[in-house]
Amino acid sequence: MAAFSKSIPHSCYEIGHTWNTSCTKSTLQVTVGALQESLKIYAPLYIIAAILRRRKLDYYIHKLLPEILRSTSFLTANGGLYIMFFCILRKLLGKFYIWSAGFGAALPASYLAILIERKSRRGLLTIYMANLVLLFCFTAALYMFFFRCKDGLKGFAFSALKFIVGKEEIPTHSVVEHRNPSTSSHVTEQPVVEDQTKKTKKSLITLTGQFIDRICKHGPRHRCCRHYEDNCISYCVKGFIRMFSVGYLIQCCLRIPSALRHLFTKPSRLLSALYNKENFQLGAFLGSFVSIYKGTSCFLRWVRDLDDELHALIAGFLAGMSMMFYKSTTISMYLASKLVETLYFKGIEAGKCPYVARADTIIYAISTAVCFQAAVMEVQNLRPSYWKFLLRLTKGRFALMNRRALDVFGTEASRDFKGFIPRLDPRYTLVKPELELELHS
């Protein structure tokens with residue numbers, strides 16, 4: 001049981017930056033390490049996002065680098081400011097309390113860091129969840145419903161879903177036009193399809209090409225479906241192949257740069273980067289999400305003989321089962337938090353929810369501070385993926401904290417560190433070995 005009233009007289013060197021006696025140098029070291037890792041994270045992320053969103057050349061020239069640097073500065077500041085406030089609190093309080101080493105230092109650091117980031121990227125963060133796949137199913141269901149509704153989604157969320165599921169699912173036509181096969185939109189579409197089919201047949205010179213063309217063009221398609229060039233089956237199959245390829249290429253792009261550095265010393269790493277299991281898992285996740293969503297939507301159009309926004313709830317929920325192929329806490333929690341944010345702002349627009357200034361900033365700071373508290377006092381209760389991220393961001397320095405001294409608070413802080421005891425310079429320590437034994441007893 002945690003002892004909230006207890007305190008320990010150790011210095012910040014003895015507990016936190018055990019690798020260096022200087023607070024200033026330790027802060028600089030953590031900041032430089034965080035800067036390097038942040039660039040590795042955000043540079044490919046923004047480049048891939050720009051490619052997927054089909055940004056124009058002007059964006060790459062004038063906006064890409066500033067956006068990368070801004071997000072990099074945010075994450076770097078989060079790491080560097082934490083160790084700075086860690087030392088400041090120790091000097092102000094004169095000792096360590098159970099809350100000061102984790103939550104107390106991380107709260108102001110996270111709050112100041114998130115102010116650097118663009119407001120549109122200040123997503124709400126959450127720590128734990130009950131069921132990853134089920135959460136993603138509900139999230140996907142609501143996202144797809146809002147995607148189908150008029151003015152339901154805007155900005156990047158709408159553009160991303162448009163790219164993933166295709167323009168055929170965009171709610172550009174009224175429900176009446178979908179239900180009425182005799183409208184002008186259907187009258188004008190059919191001749192175009194026939195002309196395209198004739199041209200395609202003339203261009204295909206192999207039996208395989210003609211066979212695929214016959215399957216795609218002449219299979220069953222419901223009158224409410226807007227995928228005029230394909231039947232419902234090929235529409236789903238093509239969707240799977242397209243997004244499977246996208247997922248595979250994204251993972252390859254993330255892995256190949258590191259493999260190229262070892263091209264001459266370990267050429268086999270390039271091959272493993274191309275055939276890594278995660279490449280296919282992300283591809284299967286994206287491909288199955290799209291094919292399940294499209295297939296369910298088409299099925300419901302056939303069953304109900306109409307196109308309805310409510311179909312997206314069912315189709316999105318079932319498509320969420322694709323998370324089984326790529327169980328990513330990061331993706332699921334980020335999308336869930338952004339959904340909460342979307343619902344909150346819709347509530348404000350409808351006059352149902354009060355507007356709280358900087359609500360996203362405050363929630364981010366508190367959530368991150370709770371994570372840091374767990375990372376310091378009880379790593380065993382922290383998500384493994386988040387712990388690995390903290391180790392990567394700090395170049396492994398987060399694991400060098402003197403958690404054995406923190407065991408006095410009753411959180412089993414050193415349980416997962418196999419008796420690790422940092423080698424401290426006795427000239428800069430306040431607590432002697434014999435006093436250390438007394439504190440633990």
Side-chain angles (χ1 to χ4, degrees), residues 136-197 213-244 246 286-323 335 339 342-343 346 349-350:
F136 184 71
C137 288
F138 283 111
T139 302
L142 289 173
Y143 260 117
M144 300 316 301
F145 174 72
F146 285 127
F147 176 71
R148 287 296 311 275
C149 291
K150 185 179 180 181
D151 297 326
L153 287 178
K154 299 176 183 178
F156 177 73
F158 181 83
S159 300
L161 287 177
K162 174 186 174 183
F163 174 81
I164 292 173
V165 301
K167 62 183 179 180
E168 296 85 1
E169 299 295 335
I170 297 176
T172 53
H173 299 78
S174 67
V175 177
V176 175
E177 288 178 322
H178 297 163
R179 296 179 183 180
N180 188 357
S182 62
T183 56
S184 58
S185 62
H186 286 271
V187 173
T188 56
E189 285 290 343
Q190 192 61 34
V192 175
V193 175
E194 291 179 358
D195 292 339
Q196 289 176 347
T197 304
D213 179 65
R214 183 173 295 277
I215 292 176
C216 293
K217 307 295 183 182
H218 299 286
R221 176 179 65 83
H222 193 268
R223 61 186 179 82
C224 294
C225 294
R226 292 195 297 273
H227 46 88
Y228 302 114
E229 297 183 3
D230 300 299
N231 63 53
C232 293
I233 297 176
S234 63
Y235 176 59
C236 300
V237 173
K238 282 186 175 181
F240 176 84
I241 294 173
R242 174 174 168 270
M243 289 312 299
F244 179 90
V246 169
L286 293 177
S288 60
F289 180 89
V290 172
S291 59
I292 292 173
Y293 176 79
K294 289 183 174 182
T296 305
S297 297
C298 289
F299 174 77
L300 291 173
R301 292 183 192 115
W302 281 94
V303 171
R304 300 187 66 207
D305 197 28
L306 57 86
D307 190 18
D308 193 345
E309 288 83 358
L310 293 176
H311 292 173
L313 280 173
I314 301 173
F317 182 87
L318 294 177
M321 300 299 292
S322 60
M323 178 61 74
L335 291 177
L339 178 62
T342 300
L343 293 172
K346 284 187 174 296
E349 293 175 3

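In this chain, residues are counted from 1 in sequence order.
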Would you say the side chain of [Y] lies within less than 4.5 Å of the side chain of [X], judging by non-hydrogen atoms?
X	Y	answer
Asp307	Arg148	yes
Arg242	Val290	no
Met243	Phe163	yes
Leu310	Ile314	no
Leu161	Met144	yes
Leu313	Leu142	yes

Would you compute the distance between atom [atom1] of [X] and atom [atom2] of [Y] and round it to the nearest 0.5 angstrom?
X	Y	atom1	atom2	value
Asp308	His311	CG	NE2	5.0 Å
Ser291	Ile233	OG	CD1	13.0 Å
Leu153	Phe147	CG	CZ	8.0 Å
Ser297	Ile292	OG	CD1	11.5 Å
Arg301	Cys225	CZ	SG	4.5 Å

**Request:** Might you point out which heavy atoms bring Ala140 and Gly316 nearest each other, and give the distance in Å?
**Result:** CB-O, 3.3 Å

**Fill in**
Sorted by chain and residue number, the ring pair (Phe, Tyr, Trp, His ring centres under 6.0 Å) partners of Tyr235 (sequence neighbours excluded) come out as His227

**Complete:** Those residues at least two apart in sequence (or on a different chain) that pass ring pair (Phe, Tyr, Trp, His ring centres under 6.0 Å) with Phe244 are Phe240

**Prompt:** What residues form a side chain to side chain contact (heavy atoms under 4.5 Å, CB included) with Phe299, not counting sequence neighbours?
**Reply:**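 Checked Phe299 against side chain to side chain contact (heavy atoms under 4.5 Å, CB included); matches are Val303.
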
**Prompt:** Do the ring planes of Phe138 and Phe317 sit parallel (below 30°), tilted (30 to 60°) or perpendicular (above 60°)?
**Reply:**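 Perpendicular: the ring planes of Phe138 and Phe317 meet at over 60°.
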
